[in-house]
Amino acid sequence: MTDCGCDKAKAELEEFLHRELSPQDLTDIEEHLESCDDCSGEHLVGLTLLQKVQRACTEKAPEELRASILRALDGASDERVPETL
């Protein structure tokens with residue numbers, strides 16, 4: 001067991017919440033949270049906020065808006081990438 005410490009746990013909390021860390025870093029932070037009330041509290045706040053945002057963001061953009069955005073993105077990428085012959 002490698003205790004990652006408060007600095008690392010707090011610095012990587014967002015990535016931890018989204019499971020964007022290596023398996024070892026995830027394990028290190030999970031183990032740290034089990035033994036640190038301060039970091040565990042911050043984790044709970046972050047997790048609660050993440051869940052509330054996820055529940056609030058369930059609406060889908062209208063299909064016309066989605067298609068327009070995708071066309072604009074496609075056009076933007078065409079402008080940046082030169083055609084090869």
Are Leu50 and Leu13 in one and the same hydrophobic cluster, where Ile, Leu, Val, Met, Phe, Trp and Tyr link if side-chain heavy atoms are under 4.5 Å apart? yes
What heavy-atom pair brings Ser40 and Leu33 nearest, and what distance separates the two atoms? CB-O, 3.6 Å
Taking every non-hydrogen atom, the tightest pair across His32 and Ala9: CD2-CB, 3.6 Å
Considering residues at least two apart in sequence or located in another chain, which fulfil the side chain to side chain contact (heavy atoms under 4.5 Å, CB included) criterion with Glu14? His18
So which heavy atom on Thr58 is nearest to which on Gln54, and how close? CG2-O, 3.6 Å
ILVMFWY network linking Phe16 to Val45, side-chain heavy atoms under 4.5 angstrom: no
Suppose we screen for side chain to side chain contact (heavy atoms under 4.5 Å, CB included). Which residues come up paired with Lys52, at least two apart in sequence or across chains? Thr48, Arg55
Can you tell me how far apart OG (Ser68) and CG (Leu73) are? Round to the nearest 0.5 Å. 9.5 Å
All heavy atoms of Ile29 vs all of Leu21, minimum pair found to be CD1-CD1, 3.6 Å
With sequence neighbours excluded, tell me which residues meet salt bridge (Lys or Arg N to Asp or Glu O under 4.0 Å) with Glu30. Arg19
Salt bridge (charged side-chain N to carboxylate O under 4.0 Å, His left out): which pairs involve residues 63-73, sequence neighbours left out? none
Please go through Val53's hydrophobic cluster and name the other residues, only I, L, V, M, F, W, Y counting, with side-chain heavy atoms under 4.5 Å joining them. Leu49
Please go through Leu70's hydrophobic cluster and name the other residues, only I, L, V, M, F, W, Y counting, with side-chain heavy atoms under 4.5 Å joining them. none
